Amino acid sequence: MNKASKSLSTTALPPSEFNQTVIRWQSEHGRNELPWQLEQDPYHVLVSEFMLQQTQVATVIPYFSRWLHHFPTLATLASASEDEVLTQWQGLGFYRRARNLHKAAQYLQETYQGQIPAQPQLLQEVPGIGPYTAGAITAFAFNQPAALVDGNVKRVFCRYFGIEQVPTSTAADKLIWQLAENYYPEQDNRSYAQGLLDLGATICTPRKPNCINCPLRASCYAYQQQRVDNLPTKPPRKTTPTRPGHFIWISNAEGIFLTQRSGDVIWPRLWSFPEVTEPPLQAALHGHFKHTFSHYRLAAQVWQLAHPNQLAETLSTGLELISWQQLKNIALPTPIKRYLDKHQQNPG
DNA sequence: CATCCGTGGAA
DNA sequence: TTTCCAAGGAT
């Protein structure tokens with residue numbers, strides 16, 4: 001018995017009983033009317049899975065509907081411009097996903113004539129598709145057998161099998177993927193995969209799980225050992241630093257000067273006030289805002305220059321005068337959009 | 001293996 | 001107010 005399996009539950013159901021229990025529960029209590037479940041369209045599944053990466057269902061739903069209205073097919077998405085794609089994505093965050101989804105559509109058009117392959121191995125060659133999304137598309141779009149591990153599966157498995165390692169660790173990740181490979185069914189994988197996610201999202205929740213309604217509680221390690229509140233093991237906390245930011249406000253009656261950010265920074269390829277590393281000389285404070293990212297806090301000051309001419313000396317990036325009307329057609333980061341909404345009443 | 005990449009909702 | 005964390009992937 002190796003080290004990893006020593007801590008594992010000895011009362012776990014065998015795969016066939018486990019996955020049949022999940023499938024039966026899913027058909028009665030799972031989610032079956034989410035927007036991307038209504039039509040079994042692989043493109044719909046593709047879009048939803050990109051949007052759902054690290055993003056909750058409730059947040060995604062309105063974006064998904066608007067997206068399909070704007071890009072109804074894979075081909076329309078593939079032929080769209082990057083700016084158009086980012087504008088539809090604005091506010092959803094993790095903007096690399098949008099560019100990856102765009103690249104994925106172009107890749108699928110060129111490589112498979114617009115068809116989406118049903119094999120995880122091929123799907124992982126697509127930009128933005130990793131191990132989870134490859135399994136998810138295989139299961140949800142094609143109802144084919146494949147393993148998939150997301151945050152829900154990790155939590156359910158850590159509790160059910162009694163996995164003590166921090167779930168983000170490499171050791172836990174390998175173990176959970178191995179279990180996932182061993183437990184998925186050959187038939188009905190769509191319902192099984194959906195059932196695992198539904199269990200994690202509605203029953204086996206991070207806090208105050210609803211064990212009394214869980215179909216797996218009789219054979220769940222954490223439930224039996226009263227370890228539900230201790231599993232999965234919490235990773236050590238790290239404090240999020242606060243970083244200063246300095247932005248430049250230049251506007252006139254016609255519009256405001258913005259710049260399109262580069263592709264390798266936060267808010268990649270989105271439009272924003274020009275950003276500088278130091279507060280400019282001879283500038284008046286126009287306003288300020290705070291914003292929390294996943295890994296740091298931004299304390300931003302917005303400066304208005306006394307002499308707009310000095311801008312050329314300060315900035316390396318190109319500026320464009322965006323008319324007040326045009327603002328709604330470009331991709332803006334949420335706090336920049338918010339700041340504009342607040343101050344646009346008094347432009348200048 | 002660690003870090004980066006957004007945002008919003010819940011407690 | 002702070003903390004947590006969500007259908008992760010790329011580097």
Side-chain angles (χ1 to χ4, degrees), chain A residues 30-31 34-37 44-64 86 89-101 103-104 123-141 146-156 166-174 176-177 180 190 193-202 204-208 232 234-243 261-270 272 290-298 331-338:
Chain A
R31 298 170 293 184
L34 296 171
W36 42 91
Q37 296 175 316
H44 293 193
V45 174
L46 178 81
V47 171
S48 71
E49 289 303 334
F50 272 72
M51 290 185 168
L52 286 162
Q53 289 169 4
Q54 291 289 285
T55 307
Q56 293 181 340
V57 167
T59 303
V60 165
I61 287 175
Y63 280 89
F64 178 80
L86 286 172
W89 198 275
Q90 71 167 320
L92 195 52
F94 283 149
Y95 297 95
R96 187 157 301 182
R97 294 181 297 169
R99 301 166 66 205
N100 280 339
L101 177 55
K103 290 177 193 166
L123 285 165
Q124 284 198 61
E125 302 295 317
V126 181
I129 297 185
Y132 163 74
T133 303
I137 292 173
T138 305
F140 297 137
L148 55 87
V149 173
D150 76 327
N152 292 301
V153 177
K154 281 191 173 182
R155 186 171 54 257
V156 171
V166 174
T168 52
S169 68
T170 304
D173 192 73
K174 287 179 64 176
I176 293 167
W177 270 101
R190 174 185 285 139
Q194 188 64 52
L196 279 185
L197 303 196
D198 292 344
L199 270 178
T202 67
C204 197
T205 50
R207 286 165 294 198
K208 296 185 178 179
K234 307 286 184 198
R237 301 283 158 241
K238 38 187 171 183
T239 59
T240 61
T242 298
R243 302 180 192 172
R261 298 168 66 86
S262 72
D264 55 359
V265 297
I266 201 156
W267 299 330
R269 305 301 298 161
L270 270 62
S272 147
K290 294 183 188 302
H291 189 69
T292 302
F293 296 106
S294 44
H295 52 302
Y296 69 95
R297 274 191 278 274
L298 172 67
L332 299 166
T334 294
I336 301 292
K337 178 194 254 304
R338 211 172 266 148

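The analysis underlying the following values was restricted to heavy atoms, covering all of them including side chains, and did not include hydrogens, waters or symmetry mates. Letters A, B, ... are given to chains in the order of the sequence lines, protein chains preceding strands, and every chain is numbered from 1. What you see is a predicted model, and the numbers here were worked out from it, not measured in a lab.
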Walking DNA chain C from its 5' end, the first of A/A136 and A/R207 to be reached, judged by nearest nucleotide, is A/R207
Q. Hey, are A/R97 and A/N100 close enough side-chain-wise for a donor-acceptor pair under 3.5 Å?
A. no
**Asked** On a plain distance test, is the side chain of A/T55 in donor-acceptor contact with the base of B/dG6 below 3.5 Å?
**Response** yes
Note: A/A172 and A/V166 closest approach over all heavy atoms is CB-O, 3.3 Å
By nearest-nucleotide position on DNA chain B, the 5'-leaning member of A/Q56 and A/S169 is A/S169
note: A/I61, atom CD1; B/dG9, atom P; distance rounded to Å ~ 13 Å
Here the distance between atom C1' of B/dG6 and atom NZ of A/K337, to the nearest Å, is 15 Å
Taken to the nearest whole Å, CZ/A/R96 to P/B/dG6 is 8 Å
Across all chains, not counting sequence neighbours, the side-chain hydrogen bond (donor to acceptor under 3.5 Å, both in side chains) partners of A/Y132 are A/E49
Within the structure, does a side-chain N or O atom of A/H295 lie under 4.0 Å from either OP1 or OP2 of B/dC4?
no
Between NE2 of A/H291 and P of B/dC5 the distance, given in whole Å, is 12 Å
Just checking A/L34: base, sugar-phosphate only, or nothing, at a heavy-atom cut-off of under 4.0 Å?
base
Let's go through A/L46 and A/I137 carefully: what are the C-alpha distance in whole Å and the side-chain angles of both, what is the deciding distance for side chain to side chain contact (heavy atoms under 4.5 Å, CB included) to 0.1 Å, and is it a yes or a no? CA-CA 7 Å; A/L46 178 81; A/I137 292 173; 3.6 Å; yes
- Query: Expressed as a whole number of Å, how far does the P atom of C/dA7 sit from that of B/dA11?
  - Reply: 15 Å
**Prompt:** Could you go step by step and tell me if A/T202 and A/R31 meet the side chain to side chain donor-acceptor pair (under 3.5 Å) rule?
**Reply:** CA-CA 9 Å; A/T202 67; A/R31 298 170 293 184; over 6 Å; no
In whole angstroms, the gap separating C1' of B/dT7 from CZ of A/R297 amounts to 15 Å
Would A/F293 and A/L298 count as a side chain to side chain contact (heavy atoms under 4.5 Å, CB included) if you check the C-alpha gap in whole Å, the side-chain angles of each, and the deciding distance to 0.1 Å?
-> CA-CA 8 Å; A/F293 296 106; A/L298 172 67; 3.8 Å; yes
Chain A vs DNA chain C, heavy-atom contacts under 4.0 Å, first-to-last nucleotide span, 5' to 3', is C/dC4 to C/dA10
In whole angstroms, the gap separating P of B/dG6 from CE of A/M51 amounts to 15 Å
Handout entry: Under-4.0 Å side-chain N/O to phosphate OP1/OP2 contact, A/Y63 with B/dT7
Key = no
Exercise. What is the nucleic acid contact for A/K238, judged by heavy atoms within less than 4.0 Å: base, sugar-phosphate only, or nothing?
Worked result: sugar-phosphate
To the nearest angstrom, the CG-C1' distance between A/L92 and B/dG8 comes to 11 Å
Requested in this report: Report which part of the nucleic acid A/L197 touches: base, sugar-phosphate, or nothing (heavy-atom distance under 4.0 Å, all strands).
Outcome: base
Sorted by position of nearest nucleotide on DNA chain B, 5' first, the leading residue of A/T292 and A/T170 is A/T170
Does A/R99 put a side-chain nitrogen or oxygen below 4.0 Å from OP1 or OP2 of B/dC5?
no
Is A/G200 touching bases, backbone alone, or none of the nucleic acid, heavy atoms closer than 4.0 Å? nothing
Check your understanding: Between A/W267 and B/dT7, is there a side-chain N or O to OP1/OP2 distance below 4.0 Å?
Key -> yes
Residues A/M51 and A/V60: closest non-hydrogen pair is O-CG2, 3.4 Å
### Task
Please state whether the rings of A/F64 and A/W36 are parallel, tilted or perpendicular, taking 30° and 60° as the class boundaries.
perpendicular
Taken to the nearest whole Å, CG/A/D173 to C1'/B/dC1 is 12 Å
Output for pair (A/F140 CZ, A/L34 CG), nearest 0.5 Å, gives 10.0 Å
With P as the reference atom in both, quote the distance from C/dG9 to B/dG8 in angstrom, rounded to an integer. 23 Å
(request) Give A/P235 one of three labels, base, sugar-phosphate or nothing, depending on what nucleic acid heavy atoms sit under 4.0 Å from its own. (result) nothing
Just to be sure I understand the rule, does A/K154 reach a base, reach only the sugar-phosphate, or reach nothing, if contact means heavy atoms closer than 4.0 Å? nothing
Whichever of A/V126 and A/Q37 has the more 5' nearest nucleotide on DNA chain C, that residue is A/Q37
So what does A/W36 touch, heavy atoms closer than 4.0 Å: a base, only the sugar-phosphate, or nothing?
-> base
